[in-house]
Structures are given as structure tokens and as C-alpha cells.
K.L.:
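This is the structure, below, for whatever I ask next.
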Amino acid sequence: MKKYLILLSIIILIGLLVRSYAIDRIPPGIDWDEASYGYNIYSIVKTGADEWGKKLPLTFTAFGDSKQPMYVYLSVPFVAILGLNIVSVKIIPILAGTLSILFAYLVAQKIFSNRFVSLLSALFLALSPFGIFYSRLAFEVSLFGAFTLAGIYFELQYLDRQKWWYWLYSTICLIGLYFSHNPAKIIAVTLIFSFLVYHVFLLKNKKKVVIPTAAIFLVLFFVTILQSKQSWYSRLRFVGIFGDKKSVVLQIQEYRQGDKNNIVSKILHNKPVFFSMTLLENYVAHFGTSFLGYSAEPDTVQVPIHGPLYPVQIPFYYYGLILIITGVLRKKGGLNKFTTVLLIWVVVAPLSSFITEGGINKRYMGALGTWEILSAYGFVTLFSSLRDRWAKIALGAFCSTIYLVMVLSFLSFYFIALPSEYKNVYFYQQNLMAKQITADYKKYDQIFVSKKTTGEPQIFILFFSGFDPKKYIQTKNYLWNDNWYEVMAFDKTRYPREITPEYLSKVDFSKRSVAYITGAELVNLSDYLQEHSFTVIPLDPTNLGKFRLYKIINTL
Amino acid sequence: MKLTKTAIAVFLIIILNIVIKGLGLGIIPHGIATEELALVSLLHIHSQSSIIVLRFISLFVTTVIPILFFFGVQKRTKNTYEAFAVSLALSVHPWIYMLSRFFNPYIFILLIVSLIFCFVENKRLSVIGYFSIPFIAFAMSLFKFGENYANASFISNFLQIFDTRTLFFSGDYASFYLRIPSTGFFMMADILPFIFGVYYAFNSTSWKKHHSVFFSLIFSGIVFFMVTPQSLPAIRSSLLFLSFSLFIGLGYYFIAHALKHFRLAFVAAIFLLLANIFFYQELFLNHFDNRNSTEWGYAKIQAVNYLKSHREIKAIYITRRLGNLEPYLTFLYPSMKRRYVEDDKIKIVCTTTGTACIVTEEQLSIFNKSKEQVRKTFDSYGGLPEFFLL
């Protein structure tokens, strides 16, 4: 067996290991999106329909947030075989994350024809903070990265070999990407369009490919526009930079007031100017050191403290990027077709997240692979340019030592610190609550869970109990508010928005009852609970923070 | 002919610097930052007008820097246009513009670097020169110009300061009072010139023999950043920004050269640059004080001037919460008798002694007084009340 194949296999095995080790315990819980995906997969397995009874849908309604189908359908066999549990719903992300390593190798090899660059790209991706983190979560983000990488690889193969089936594979992957994640749609459509333009310019008289690509692009483009006109608009106002109360608009108002709304102020401080500035700022921020090497503390399921690259890789990333740009600029008599595809990928990838106001993070997973390939290329080019043997040894030893230290630091953070320090982010208490309810389901006649414990607590109960989807559809009671389904009850469970003394006073406690509330609710209820002989039990005795949840049992 | 071209270029640079950096100098910022006060106190200066004179020194030094770079680049590349582009960048960039608006010692470090860049042609000597600068800065930073950031992680600070958002859009993340609203250390229009400038610097034949200049500037800038952890980001990264401006200037030249046959694109690029300069100038001149007058002690200076003009107030009690009034009193009215009082004693002291008191808005309720019932209100530049004289 060739040496590089052995090395690649070892890298892929390392990648698989860090993506699958203790997958049932780390992260310390699943969030409601993961639970929602899991239950929809289960529902498809059991009934062939989603949790709302829609047969084999192309968009999963879930909470009203329209989840994409690819991850659900790919996970069906694993949930069918292993049942609904944390491991079965995380197999696809792990496999997608591991396959990404292989594709990163193949893409780098195709572009640079250099085994050192390719193997290093694969190693960087195998140990990448983003790669590891998102492959261990039960949602579609790792598919976003994997499908993009696969689509790019087959496109490169097509450019190289000119065989139409590579174009077909690439298009299938990009259509897969389109159906994998909402932000990925814009990347899929733009990549198809960019490749179409590129084919027209580069590959003259290739009607066989250009015409079908154009047709697919137009279909996806109009489907995107028609399907989600309303939801995209409201979504953009919610997560995007647009909307009357967004910081951009407030800033304009401040400057206009300061200038007493004079003509110069109107010319300088207006929505077109400030939105353009903000869009440019957001776009450029995707290439900034702050994002690449360091992300702020998240309050949602996002990579904490780490960026997609380890800080030691960042200078090499920039060096690689400059080499690619200058390589494309320099080339006389036609562009270098492979590096141009890489550059298109780098330019297009931020489009999925640059119109949003929050952090970049998972919406930018279409760039997975670019960070690793460019930093590997930058490092190898610099390393090779050194003539002095000792300089090479010094650079290699210095960088690999720092890289190793940073990798170990991330792994120890992820596997040791994260499970205990980020329990709230991963809904640990809500997971615990759902497991308790599942275990005691037959013990009680009515179960109350305050929505203050988390927005949609029922989804955790559905996930951990594997509740019969048909019965769920029949018994659920819900409200439709502002593009969101709010489940208020199903079977013997009730989900009031808040549990107050007034609410409890209307409950028939002759039935065996249990309720789950937050610490803030407990303060309001303390007198009532003392008067009516309730027992209060902290859900997680180890949690001493302010977001503590409690179980209350009627002991009369 | 060449001399004429050089003379015109230098003349233009001087005019540009005076127009851009001199507009409103002495007036904006309205006030004196505590760091600036600490520095002038070291020089034993005790008048407000002398600070304005010192700010003219800043203007002078920051005008000389682009001129020195002009000659430095011209000497190396023999290209006046390229030299002019670099000095243009150093004349208009917001980071150096901000340093020109107040008196600070770091402009002299930049001046020394510029002198080395301009006059020292011997490579070894210039490298030694560049690398000695950070250690001078380290010694100067022991005066603690700015807040203490030593506890913050070096890597995260470094990544934050050189982030694209900080560089081109938002500016100093740690200290608002040194940041032009909605503006970075560089302008938005500098993004592409920066990329092309780096490309040009390392690929053009004219700079082939001078790569060591870039490396020396960058590495000494990094060392400078490392050895001054207690300084503000805008200050500690200024040496690195000098090299960034150099790259951006080269980028201007590269783009202008590439677009010379595309008049429309060339005009558009010039328009974009001018619009960007006008944009941040307007934000600085019209909005900087509204946002930052508290840090620049606008209300505090008003208070001290009020006390000076009301000689009947012989002594004053000041709430401990306004302890940062002290540097202004020491500087502008050292003879004023004053005592700082803790929260729990302020009511007794002020009501029983009948002495004038300076308190904050929250403390008015202790005295059962509304804002209208006080002797004098001291407002921020934007008109919001900051503290009150009873």
C-alpha cells in the first residue's frame, strides 16, 4: 500500500475517532433543534410522515421554522435499525464530517497536485474545531460542509477530465446541499450559477453541460423565490440586518439627529449607504482574525471560544489566500482553472451569513475546507521556499509544536471542560427532565411543564420517550403565533406559558400530578406550595446557577 | 523637472495634512482626556490653552511622517507617484488622524521610525533601529498611558485588533474615546488597496531589494504590540499600522497604475476614496464629541471653569463617585479646596456645612431635589446632564 494512502487512512481514522468518541455523553445534551430533527426522523420511520402528518415532505414544518429534508431522510435507516436515541441521530453528521476529510484531501490534491498539501489539508480538517464540533451535533450543519466539498471536488474532476458524469455528480451534490440547510440554499444556487458562467467562458461548445446546468439553476432559483418569499422576508427581518429596530437604523437616526437632519446628513447617513457598509463589513468579517481564530462565548449551540482555525494556522491561511489571488491575477493566457474554482468557492461561501446580524459561525460552514486547504497550501509553500535545511526544521518544529499544543488544548476543552461548563447551552436540565418524565410517565395522570423551562419542552419528551407519532398528532393541542407552532398539550402533558399560583389553583390535584418549573417561578409559588403540601426537588442538584429547574410533586 | 515634481508632491502633502488634520484642531475633541492630562502634568503645564499648542505639535509631527515616508519610498523606488501614494495614505488614514488630534508620546516613536525609514539605507543599521523602538515604547508604556490591559490574553487581543472589522469598520474595540464613530483604523475603501499593496510590495521589481524593510516594520510592530500590554489597542498597534499604511499606499499606486487606461474606473476609485475621507471627517467633526465627551472631560472642564469664575465658592465637597474630576481640578484649578466624600456621608456633609457639593444624578434623590432645583447642571457635549452642583 502506498505511503500516502496509509497516512490518509490514519488521518481519517483520527478524524472519525474525535468525532465519535463518547458521542452519547459529549456534548452534555441535545438542543431543541436536534430533538426536533430526531423526532421527525422517527416519525418518518414509523409513519412515513412528519410530526404534523405530512407524507414524505420536502420541507419539515417542525416548530414552523421549515427544516430541510436531507439530514432527516439520510438518517432514516440508522434510526430504523438502532431506534430513536442520541447515537442513531448523530451517525450521519459523524459520517459527513469524516467524509469531508477525504474530500478535503481530494480537492487539495486536484488543485495543487501536491501530496504534502493534500495530507496536511486532511489533517487540518480532521482536527478542525469547527469540523469536530459540528460533526458531533444532530443537525444538518455537517452536511452543509460535506456536500459543498463533494460538489467542488466533482466540479474540479469535470474540469479536468471533461466527462459529463462528473458534472452530474457535482450537480447532485449541490442539489443535496440545497436541501440540506436553509442558509446553504444561497450557496448551492450561487455555486451552480458561478460554475455555469465559468463553463460558458472556459468550455466553449459544451452545450451538453451548459444547458442542463442553466435549467437546474433556473428551477432552483425560482423554487427558492416562490417557496419562501414570505418566510425569507420575515426571517431576514428577524436574524438579518434589516428591520426598523436594527442597530443600523438606530445609528442613522442618531447621526441625523446630531446633524439636525441637514442635507449633508441626509446624503451621508441613509439606509442605502449604511446597509451597504454593514453588508461589506459583515462580508469582510468572514476573513477577519477575530472570526478565524477566536469566537465569542455563545449562548446557543455554537463553537465556544474557538474559530475554524487554530491561531497558528491563520498567517498561513492569509498567505495561501494571497497566493491564490495573485496566482489567478498573474496567470497569462487564461486563468488557472482549478485555483479559480477555489477562489470562487472562497468568495461565494460567506454569502449564506453576511446578511445576518448575529455571529457568523454555523451559517458559514460552506467554507469548511477552504480554511484548511489554504492554510496547508500557505504553510507548504513557505516551507518549500526556505532553502536552508535548518530553517525548514525550525519552522516545521515550531509550527507543529504550537499546532499540537493548540489541538490538545481544544480537545481537552471540548471533552473535559465543555460537558460541565456548558450544560445550560446544551439543555442538560431539560434533557434530564424529559428522561425523568419518560421514566415516570405511567406514575402520573397529568404532567405540567412550564414553557419558562425552555421554549418548546415537549420536543425533548417526544424525543426521549419515542412517543407514538400518530398518537401525538391525534392528541396535540397547539397555537399558531407569528410563524411559530406553540404546542400547549399532548396526551397527559400540559405546557402552560408560566406556572403561577392562579394556574395551579385551577388544577385538579386529586389526580397524580407533577410539574416542572424554573427558579423564578418557584419564588412566586413559594407561599402557595407551602400551603398546599407540595414537595420541591431540584432537577439537577449539581446545578447551582440561576437557571435551575425544579420538579414539584403534590404530596397530599 | 524631477525636483519640481517632488516639490509639488511635498507641497500637496503638507496642504493635505493641514486641511485634513488641522480642521477644527484645538476645538475637537472638546475636552482633554485624562491620559493627555497626565502627560501634560509631567511637563508641568497648567493651562488649557497650552494643550492646544501641544496638539499643534501632534499635527506637525503627523504631517512630517508622511513627508519622511515620501522621501523614503522615492529613494528606494525612484518613483515619485508611488512615494506620493504612500504619503497620501499616511496623510488620510483615520488611525494617524486620531493620533494627530491629541498630544501623546507615541507620535514621536512613529517619527523616529519614519526618520530611520527615510535616512538609514544600511540594512543592518535600519533593522537595529526598528527593533530598538519597541523597547523605548516599553519604557514609555511604564507610564501607563491608558488603562491596564495586561491581564487580557495576548492572542485574543492580537486577533481582535487585526480583525478586518476592527481595521476597516469599527476601530479601537477597547477605548471608545479614541475611535471615530463608524470608522476603523483604516477606511473601507482601503480593503482592496491593502490586498493589492501586499501583492505589489512582494512582487514588484522596484521593491525586490527592499523586502527587509517590510519585514522589519512588521516584526518590530509585533514586538511593539507585545511589550506594551498596558497601552490602548490604538496606541500599541500604531507601529504595525505604519506598515499597513505603507502597503495600502502601494495598493493605491498599483490600482491607479492598473486603471490608468480606464478613465471611468479611475475616476470612480478616486471618488470612492474622497467620499470615504469626507465620510469619516464628517463623523469626527460632527459626532465624535456627542459620543465621547464624557471620556474627554467636557462636563468636568465646564465644572472647573464654573468654579474658577465663581470665586465666592471657596471650598467644595465632591462625591467619591466623581473621583475622576480630580485630575481636572489639579490641572486647571489646583488652589481650589476640595474633599471627596463617600455616599453614606454626602447628605450630612452637604446639608450641615452649607458648603457647595457636586453630586451625581442618582444622588439628587438623597437631597430630595429635582434637576431643576440645583445650583448648576453640568452637561455632556450632547446635552445630557452628567453631574450637579448643589
Side-chain angles (χ1 to χ4, degrees), chain A residues 247-248 250-252 254-260 262 264-265 267-269 273-274 276-297 305-307 309-312 314-315 318-319 321-330 350 360 385 402 405-406 409, chain B residues 152-171 173 181-184 186-192 194-204 218 222 247 254 258 272 275-291 293 381-383:
Chain A
S247 57
V248 179
L250 299 176
Q251 221 171 26
I252 296 170
E254 182 199 332
Y255 294 145
R256 288 270 189 102
Q257 276 170 9
D259 287 334
K260 298 191 174 60
N262 61 31
V264 176
S265 193
I267 293 168
L268 293 177
H269 311 136
V273 170
F274 274 66
S276 313
M277 272 167 52
T278 310
L279 287 176
L280 180 65
E281 177 180 350
N282 285 356
Y283 185 86
V284 173
H286 290 77
F287 302 96
T289 48
S290 217
F291 165 70
L292 289 172
Y294 173 83
S295 292
E297 287 281 347
I305 309 167
H306 295 79
L309 292 172
Y310 295 104
V312 68
I314 294 174
Y318 286 126
Y319 188 48
L321 190 59
I322 286 175
L323 286 172
I324 292 295
I325 294 170
T326 53
V328 172
L329 285 176
R330 257 190 206 165
I360 299 168
S385 69
I402 295 182
V405 168
M406 287 179 167
S409 153
Chain B
S153 143
F154 167 74
I155 291 180
S156 64
N157 267 342
F158 197 80
L159 294 179
Q160 261 180 292
I161 198 79
F162 299 110
D163 183 39
T164 46
R165 223 182 259 269
T166 317
L167 287 179
F168 300 104
F169 298 94
S170 59
Y173 62 89
S182 306
T183 306
F186 300 91
M187 296 178 287
M188 280 173 279
D190 290 331
I191 298 172
L192 280 181
F194 182 65
I195 297 167
F196 289 124
V198 173
Y199 167 70
Y200 180 75
F202 292 102
N203 287 286
S204 73
I218 291 169
I222 293 172
F247 288 130
F254 177 83
L272 193 67
N276 213 165
I277 295 169
F278 183 69
F279 186 77
Y280 89 74
Q281 285 271 313
E282 195 274 343
L283 285 170
F284 179 78
L285 297 171
N286 293 342
H287 302 280
F288 182 83
D289 281 326
N290 283 340
R291 283 203 173 179
S293 75
Y381 185 79

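For clarity, every value in this text was computed on a predicted model and none was experimentally measured. Residue numbers start from 1 in every chain, and the chains themselves are labelled A, B, ... in the order their sequence lines are given, proteins ahead of strands.
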K.L.:
Where on I322(A) is there a heavy atom nearer than 4.5 Å to chain B: the side chain, the backbone, both, or neither?
P.N.:
side chain

K.L.:
Using non-hydrogen atoms only, which part of L323(A) is less than 4.5 Å away from chain B: side chain, backbone, both, or neither?
P.N.:
neither

K.L.:
Given side chains that start at C-beta, do those of T164(B) and E281(A) come closer than 4.5 Å, heavy atoms only?
P.N.:
no

K.L.:
Chain B heavy atoms under 4.5 Å from I267(A): which part of the residue, side chain, backbone, both or neither?
P.N.:
neither

K.L.:
With chain A, which of M188(B), H287(B), Q160(B) has the greatest number of heavy-atom pairs at distances under 4.5 Å?
P.N.:
H287(B)

K.L.:
Drop me the distance from L268(A)'s CG to N286(B)'s CG, to the nearest 0.5 angstrom.
P.N.:
9.5 Å

K.L.:
Considering only heavy atoms, which portion of F196(B) lies under 4.5 Å from any heavy atom of chain A: side chain, backbone, both, or neither?
P.N.:
side chain

K.L.:
Taking all heavy atoms of V273(A) and all of F279(B), pick out the closest pair and write down the distance.
P.N.:
CG1-CE1, 4.3 Å

K.L.:
Heavy atoms, side chains only, cut-off 4.5 Å: are P311(A) and F158(B) in contact?
P.N.:
no

K.L.:
Which bit of T166(B) comes within less than 4.5 Å of chain A, counting heavy atoms only: side chain, backbone, both or neither?
P.N.:
neither

K.L.:
Roughly how far, to the nearest 0.5 Å, is the CD atom of Q251(A) from the OG atom of S182(B)?
P.N.:
3.5 Å

K.L.:
To the nearest 0.5 Å, how far apart are CG in L280(A) and CZ in F169(B)?
P.N.:
4.0 Å

K.L.:
Between the side chains of H269(A) and E282(B), does any donor sit under 3.5 Å from an acceptor?
P.N.:
yes

K.L.:
What residues form a side-chain contact (heavy atoms from CB on, under 4.5 Å) with Y199(B), not counting sequence neighbours?
P.N.:
T326(A), R330(A), N203(B), F254(B)

K.L.:
Does some side-chain heavy atom of L159(B) sit less than 4.5 Å from a side-chain heavy atom of I314(A)?
P.N.:
yes

K.L.:
Do V198(B) and Y318(A) come within less than 4.5 Å of each other through their side chains, counting heavy atoms only?
P.N.:
no

K.L.:
Quick one: what part of L283(B) sits under 4.5 Å from any heavy atom of chain A, side chain, backbone, both or neither?
P.N.:
side chain

